[in-house]
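Below, read A as the first sequence line, B as the second, and so on, with proteins coming before strands; counting in each chain starts at 1.
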Amino acid sequence: MDKRYDPAALESAIQRRWEETGSSRSTENTDREKFYCLSMFPYPSGKLHMGHVRNYTIGDVISRYQRMQGRNVLQPMGWDAFGLPAENAAMDNGIPPGKWTRDNIAYMKQQLKSLGFAIDWERELATCDPDYYKWNQWLFLRMLERGIAYKQTQVVNWDPVDQTVLANEQVIDGCGWRTGAPVEKREIPGYYLKITDYAEELLDDLGRLEGWPERVRTMQANWIGKSHGVRLAFPYEVDGKQDKLWVFTTRADTVMGITFCAVAAEHPLAEAAAAKDPELAAFVEECKRGSVMEADLATIEKKGMPTGMHVTHPLTGEAIPVWVGNYVLMTYGEGAVMAVPAHDERDFEFAKHYGLPVKQVIDIPGKTFSTDGWQDWYADKENGICINSGKYDGLDYEKATDAIAVDLEAKGLGEKQVQWRLRDWGISRQRYWGCPIPIIHCEDCGDVPVPDDQLPVVLPEDCVPDGSGNPLNRRGDFINVDCPACGKAARRETDTMDTFVDSSWYFIRYCCPDNGGAMVDDRVDYWMPVDQYIGGIEHAILHLLYSRFWNKVMRDLGLIKCDEPFRRLLTQGMVLNEIFYRKQDNGRMRYYNPAEVEVRADEKGRRSGAILIEDGEPVESGGIGTMSKSKNNGIDPQALIEQYGADTARFFMMFASPPEQTLEWSDAGVEGAYRFLKRIWVFACDNNDIIRPDFNNDWTTLSEDHRDLRHHIHACLKQGNYDMERQQFNTVASAAMKISNYLHEIDTQERESAAAVISEGFSMLLRMLSPITPHVCDHLWRELGYGDNILTAPWPQPDENALVQDEVEMAVQVNGKLRGKVRVPAAADREEIQVQALANDNVSRYIEGREIKKVIVVPGRLVNIVVA
RNA sequence: GCGAAAGUGGCGGAAUUGGUAGACGCGCUGGCUUUAGGUGCCAGUGGGGCAACCCGUGAGAGUUCGAGUCUCUCCUUUCGCACCA
């Protein structure tokens, strides 16, 4: 064996063999327990970044571990290949998006292969392939048939930079999720999916997703936003016509305290009033403009104006003034609210500001109500009791709500209602590089679905966008078609689908990517649901909610059986790196890549400064941040792989921090990982002569030292297995390093006599490490003669006999402070342990002359002697 | 503002769920090998003290024989959500 560890040569040779033997291929086998391990597929942006490497390493470690546990593992990969960056790249350099995308896929695929991931490439798919998006279109038509998809013209969020509509979920703080540009309101027709029909189930099933992080479930629950309340109406008369103002409230128990109502600027009542009042019209305009742009809405002052109109209180018959309020949202509830200043903080502020009356109708005995200032108990519905409320006096929140709902219903002016925050999902995008929506617009027949036998509607790939709208609008050969219903000349829809449609079911298609005749087949029932999904927390709402919805639709169409697509979810942390900069003369920051910077430390290892290698002058530290272009602190994975190899990259990623936490980049840490693998390699070479693959041994004849050694190795293995199960891979790596350290401690003269212990220990080490660093482990496993294939070798288990010790060391505390240690037989009883502990020299110094009040013995751990 | 999570050596992070704090690694210090640098190997490394000892998990209280871990208050950071009626 060559003592030089040469990862470049080693890894490419091993990868070639894996490929030749088809070691990562997965076939359905109902006799074996399946395990579907999925990592979120990448957008083919050009090259892999560190976040990808981390994501896919985590997935690969889990896949390989599960396989060694005997499960039939599926680990596929594909490409989220539609989307705007391709159009932008096309505009920059005149290459059609399709070519740009496929070139990127080819390069990134080769990068993934060089990292040694056990991916079944036979199942690879790209969402821009007609074979794939045909089924987007097909399912869309099925949804249309069932009314799950529908067309609607409504005010939508318009991203002025990307020139397209955005779904509600894609608007963050009033700005586009991708561009960050302030979103405008436009009225545009588009197709919507009725995700709201599934709101209840999407919310309820969160409770069953025990393998999901709590915070992701909370985020989804908040997004869906269910509230129980009462919908009630305020009758009014305008120009001799009877009408009703509807509002929604979660505090029906306070309706007797209503002193005014407020409506959104977009509310019909506001617009009607504005038509007669120029001042009000100006205010309404101001609200409309403001409502979209402002990110800090909550901090803005609550403003309002009276409409001059009055409505009738549904229970008391009082006249209630109606105001326009800038804090009322047209998009939630009814776009109008009843205001109870005494028991809602926002209404309270508003009423104080405009001098509107405040009427207390809820009381908590012992508390004093005052209109001078807001107190939190005013809004306490748990402990409040109705007062000043006529027949409802004395009732609590629940009883009052019930009684009031009954009375409202009797008058036809209200009922209990459940209100959702979730809105339907608008999927039309005025973009070229996406899946065409399969609709044909005919003057006579209206919007006609493309017949199934004409699917897929293929996107022409030779367009080059130039920034002036969707180029499909200028493609006569695409647009001009005959109406499928009447045969007359008609016009094809040019909007494409939101790319979140593509990613909502790709994991289902991985199960049967080659089926040209159907969206799904039996194989889907075998593999689904995904057992472990791994990806970034940034998809906590968008992608994960859409996928859950899509899954349920497919289930209701009888296409799949499972209720939920992802059993367990692991959200990996981001990859961070140091930021270095200098302030330039013009006041702008110039950022330097950490590779160009040398960090200085004092003789105790503390950071003392950093200099730019090029000129030796100091640079400022900007702390730690996610790797980004703007901060110039990214590290290219390609350079890392080329210099150290995939195993080192993988080991560092797993060792530096637990998968869910952020990971700080460290060149020294990478060096350390490389050093460790080299040590393993050299150890194998040095012990090649004494390692016996058939190490089965009579362990009872070992010397005491070797029995101790074996005990330690097996204890490390036990810890490693525990951590592997709970997916804390950094300590799995630690456990492997500890085993290595124990093996290295053996004297040269002892090697022969410890051969069996070494052989066993090293075989455990290799197997435990193999999910993380598969290349080096695969090679050494074979080279040392342990077996043909470590990939399918059984996961190592500690020997129970090795875990027990004849003697154990126990800590002895006096009044909770560590004062000594004693070695006692493992089988010793409490009394025996106590006697030994009290006899300890150091311990006796602390208890001498003092009364022993109590002795606590925790077997195998410690003794605590409590003295007066 | 609301909600969640987290604060442990010079650094990344352990601590099997109330039982010996600082595993493992990085860095640093000293030494050996090397023509030299790197690599490799050996020893040391929470702080204070010559020492026995004392102090130490953001701060302060509490429960307990015993608290990094549980409870309360406060501080800081990060991440969500944000006029939701």
Peer 1: Mind checking if A:R819 touches a base, just sugar-phosphate, or nothing, with heavy atoms under 4.0 Å?
Peer 2: sugar-phosphate

Peer 1: Would you classify B:G9 as syn or anti? Syn applies when the glycosidic angle is within 90° of 0.
Peer 2: syn

Peer 1: In whole angstrom, give the distance that lies between atom CD1 of A:I258 and atom C1' of B:A85.
Peer 2: 11 Å

Peer 1: Using a 4.0 Å heavy-atom cut-off across all strands, classify A:N730 as base, sugar-phosphate, or nothing.
Peer 2: sugar-phosphate

Peer 1: Assign A:D723 to base, sugar-phosphate, or nothing according to its heavy-atom contacts below 4.0 angstrom with the strands shown.
Peer 2: nothing

Peer 1: Could you check, using the six-membered ring where one of them is a Trp, whether A:F676 and A:F655 have ring centers closer than 6.0 angstrom?
Peer 2: no

Peer 1: In this structure, how many angstroms lie between the P atom of B:C83 and the CE atom of A:M338, rounded?
Peer 2: 20 Å

Peer 1: Report which part of the nucleic acid A:E671 touches: base, sugar-phosphate, or nothing (heavy-atom distance under 4.0 Å, all strands).
Peer 2: nothing

Peer 1: Under 4.0 Å, counting only non-hydrogen atoms across every strand here, what does A:K821 touch: a base, just sugar-phosphate, or nothing?
Peer 2: base

Peer 1: Is the closest basic N to carboxylate O distance between A:E349 and A:K352 below 4.0 Å?
Peer 2: no

Peer 1: Can you check the distance between B:G68 and B:G18, where both ends of the measurement are the C1' atom (answer in whole Å)?
Peer 2: 11 Å

Peer 1: Name the nucleic acid region contacted by A:V247, choosing base, sugar-phosphate or nothing; use a 4.0 angstrom heavy-atom cut-off, strictly under.
Peer 2: nothing

Peer 1: Indicate, with a heavy-atom threshold strictly under 4.0 Å, whether A:N842 touches base, sugar-phosphate, or nothing.
Peer 2: sugar-phosphate

Peer 1: For a quick test of reading the model: is some side-chain N or O of A:Y332 closer than 4.0 Å to OP1 or OP2 of B:A85?
Peer 2: yes

Peer 1: What nucleic acid atoms does A:T250 come within less than 4.0 Å of, heavy atoms only: base, sugar-phosphate, or nothing?
Peer 2: sugar-phosphate

Peer 1: Just call it for A:E809: base, sugar-phosphate, or nothing, with non-hydrogen atoms closer than 4.0 Å on any strand.
Peer 2: base

Peer 1: Base, sugar-phosphate, or nothing for A:T331, non-hydrogen atoms under 4.0 angstrom?
Peer 2: nothing

Peer 1: Taking the ring centre of each residue, are A:Y644 and A:F652 less than 6.0 Å apart?
Peer 2: no

Peer 1: Within the structure shown, what part of the strands sits under 4.0 Å from A:R231 by heavy-atom distance: base, sugar-phosphate, or nothing?
Peer 2: nothing

Peer 1: Any base atoms under 4.0 Å from A:V337, or only sugar-phosphate, or nothing? Heavy atoms, all strands.
Peer 2: base

Peer 1: Partner of B:C74 by Watson-Crick or G-U wobble geometry, both contacts under 3.5 Å, or none?
Peer 2: B:G58

Peer 1: Take atom P in B:G1 and the same atom in B:G13, then report the distance between them in whole Å.
Peer 2: 29 Å

Peer 1: Give a yes/no on whether any side-chain N or O of A:R421 is located under 4.0 angstrom from OP1 or OP2 of B:A85.
Peer 2: no

Peer 1: If we take the P atom in both B:A85 and B:U73, what is their distance in whole Å?
Peer 2: 26 Å

Peer 1: Please measure how far the P atom in B:A67 lies from the corresponding atom in B:C55, and state the result in whole Å.
Peer 2: 13 Å

Peer 1: Can you see if the side chain of A:S227 gets near the phosphate of B:A85 - specifically, an N or O under 4.0 Å from OP1 or OP2?
Peer 2: yes

Peer 1: So A:F350, base contact, sugar-phosphate only, or nothing? Heavy-atom distance under 4.0 Å.
Peer 2: nothing

Peer 1: Looking for any heavy atom pair under 4.0 Å, which part of the strands does A:R4 touch: base, sugar-phosphate only, or nothing?
Peer 2: nothing

